[in-house]
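Shown next, in structure tokens, is the structure this report addresses.
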Amino acid sequence: MDEVPWSQTDKTVIPPHALAHLPKYGSEKWEIAYKEPFGRCIVAKEDIGEGERLYADHPLVHGPKQISALLCLGCYSQLYQEAYHPCSKCRWPLCSTECELKGLHHLECSAFVSANYKLNLADFGEENPLYESILPLRCLMLRNTCPEKWKTLRAMEAHDEPRRGSELWNVEQKNVCEFLVKKLKMSVSDDLIHSVTGVLDVNCHEIQAGAPDICNVRGLFPLSAMMSHDCYSNTHHTFTDDMTMIMVTSRPIKKGEQVTATYTHLLSGTTERRKHLRYGKFFDCVCRRCSDPTELGTFFSALRCTQCGGPVLCKDPLHPNNTYRCTECGNEVPVGVVSRLTNSVYYELQDADTGDPAALEAIFNKYEKLFHRNHFHLIGLEHSLSQLYGRSPGYLISELSNKQMDRKIECCRHVLAVIDVIDPGISRLRGLTKYELHAPLLMKANKEFQLQHLTRREFVRQLQDVLQLLRDTSYCLQFEPASTHEGQLCQIARQSAGELEQWICTVKQLPENNFLSESRYQINHDEESDSDCCIEDLSLEALLKKVESY
């Protein structure tokens, strides 16, 4: 078997299985190249337009995430303690007899049977670390069942040395190494197991495909593992129901540019993204967004100066232990105060009922004077509120007051203002947010029409704005599988757009007495005065103490 130490593998060579499903590799508009300091990466051989399909990537192996609810190892459907089918061979929980032969369950099943391992269902609860060993076990089984896939896995980066001795390493030593060696009696070294878990930690993708109850699945995609990370990436991926990853361009890519993906949460600030990449992927991101204190002009990690109201930015986001400074008056804020402030919001969100709009609004109101208007905490809260208003019990779209309707619109627009910069083009989040925005705008327009508060011209304009939102929604979600929530919204948006087009045609033909006359029409400018102009002459440290004492 291939037991070559990780340090001796050639990281400049394309893994053998990575292109196995591409029968004519070389005819694509991209190629795999080796570039320092990125290593292997995908580079455009020619200009590639927005929305072009780059490739379909099939998983080498897939399995449960490290911590998982009770699920079927055959089809990954969620299970419940009182209703499951124990595998006739290994006794692990499954959906049914049919799932004994589904997916990759046969790999671990043979290992469990060989070791005469007796599963104790009493060990299962809401979160089950027992599942952490399943995917590494399946990887190790590839040594005998599919040597080419095993060679490909062994050619992937694991970052063994940076991981060695870390908290993650110690957890995997207990939950994976000891389980496989002591419980399953596998003849394999701890170092090899750690290399496998390292490959999974660094390269795995969460899989979102199939029925709504499919959960907690991750997969190793060999071609996508070649892509470099960028917090301002130029691709968008979806999954088909058979867990194939479809990679498309989210915006145009010029010849010679890298084809990139994002490994972090889009709505996280620079410090949070870089910490996630350092501790989870073992590299320091220096991309365009991370290097820019303003995050491409969004001020996504900026505080609000307590002296003049200007943006307070980290002087060097690649070395965040530096002081933060106001770009307008020069007022400085220690990094420790910034950390306390951002952590304070995290702690409150952990304790809050995040399904209650009122609870989130209370947190928003508590901190909005301390953060820049586009700060990631405020945008994150408004993203949640944009979905809760109109969908939560007691806040259904037909139940919203005018004030709540306006708040939903405001939240959507603020979120879109940021997303349009940091994730332009084909974006799942853009599509979903535009869909959330269309409903209150359409309801308000139709209500104003029924009250004859609009001229025909103004009513048609508002309907056309809503129509564009629906078209943008279907454009952004066009690659989502029909079985997913996003794919279903795409179909609904297309159907709604067709119906709205017919309504617009009807409106243009209605008698004039259905509308307000142009001579009487006045646009009501209800712009609220800037209530933020009067700021207490306190330092951020003092304001933070006041917030913490609430």
Side-chain angles (χ1 to χ4, degrees), residues 17 21 56-146 149-150 153 175-176 179-180 183-184 186 196-197 199-200 204-222 238-245 481-485 487:
H17 188 75
H21 54 281
D57 200 6
H58 306 286
L60 280 176
V61 63
H62 48 78
K65 293 173 68 175
Q66 293 95 322
I67 302 297
S68 173
L70 193 65
L71 56 75
C72 174
L73 289 179
C75 70
Y76 303 127
S77 293
Q78 185 173 355
L79 299 177
Y80 301 93
Q81 287 281 4
E82 65 276 7
Y84 67 89
H85 167 79
C87 176
S88 62
K89 299 182 181 67
C90 69
R91 311 305 295 172
W92 273 72
L94 302 172
C95 283
S96 62
T97 304
E98 289 73 19
C99 277
E100 294 186 19
L101 302 176
K102 278 187 179 180
L104 301 179
H105 174 56
H106 64 282
L107 293 176
E108 66 268 4
C109 185
S110 61
F112 295 147
V113 172
S114 177
N116 196 29
Y117 174 74
K118 302 298 183 182
L119 177 68
N120 184 2
L121 276 177
D123 294 337
F124 284 84
E126 292 185 3
E127 295 182 342
N128 304 294
L130 279 173
Y131 284 116
E132 187 170 356
S133 64
I134 297 299
L135 187 51
L137 173 56
R138 289 179 176 181
C139 290
L140 291 166
M141 297 296 284
L142 294 177
R143 294 179 299 169
N144 296 318
T145 61
C146 190
K149 288 186 176 183
W150 174 248
L153 186 149
N175 292 347
V176 182
F179 180 82
L180 297 182
K183 299 290 186 180
L184 297 190
M186 294 187 70
V196 169
T197 59
V199 167
L200 296 175
C204 260
H205 284 79
E206 181 176 348
I207 299 174
Q208 297 175 333
D213 61 344
I214 302 299
C215 59
N216 298 317
V217 184
R218 56 180 179 153
L220 198 59
F221 294 84
T238 61
F239 294 95
T240 62
D241 290 347
D242 66 353
M243 291 188 287
T244 298
M245 180 188 290
S483 61
T484 64
H485 170 68

With rounding to the nearest 0.5 angstrom, report the CG to CG distance, Leu140 to Leu135. 10.0 Å

Taking atom CZ of Phe221 and atom OG1 of Thr244, what is their separation to the nearest 0.5 Å? 7.5 Å

Ser133: which residues meet the side chain to side chain donor-acceptor pair (under 3.5 Å) condition with it, sequence neighbours left out? none

With sequence neighbours left out, write down each residue that passes ring-ring contact (aromatic ring centres under 6.0 Å, His included) with Phe112, or none if nothing qualifies. Trp92, Tyr117

Just jot down the side chain to side chain donor-acceptor pair (under 3.5 Å) partners of His205, sequence neighbours excluded, or say none. none

Do Arg138 and Leu220 come close enough that some side-chain heavy atom pair is under 4.5 Å? no

All side-chain contact (heavy atoms from CB on, under 4.5 Å) counterparts of His106, not counting sequence neighbours: Leu104

Checking Ser110 now: which residues fulfil side-chain contact (heavy atoms from CB on, under 4.5 Å) with it, not counting sequence neighbours? Met141

Report the distance from atom SG of Cys72 to atom CD of Glu98, rounding to the nearest 0.5 Å. 10.5 Å

Those residues that, when tested against Thr238, pass side chain to side chain donor-acceptor pair (under 3.5 Å) (two or more places apart): none

With sequence neighbours left out, the residues meeting ring-ring contact (aromatic ring centres under 6.0 Å, His included) with His85 are none

Under the rule for side-chain contact (heavy atoms from CB on, under 4.5 Å), what residues qualify as partners of Lys89, not counting sequence neighbours? Cys87, Glu100, Cys109, Val113

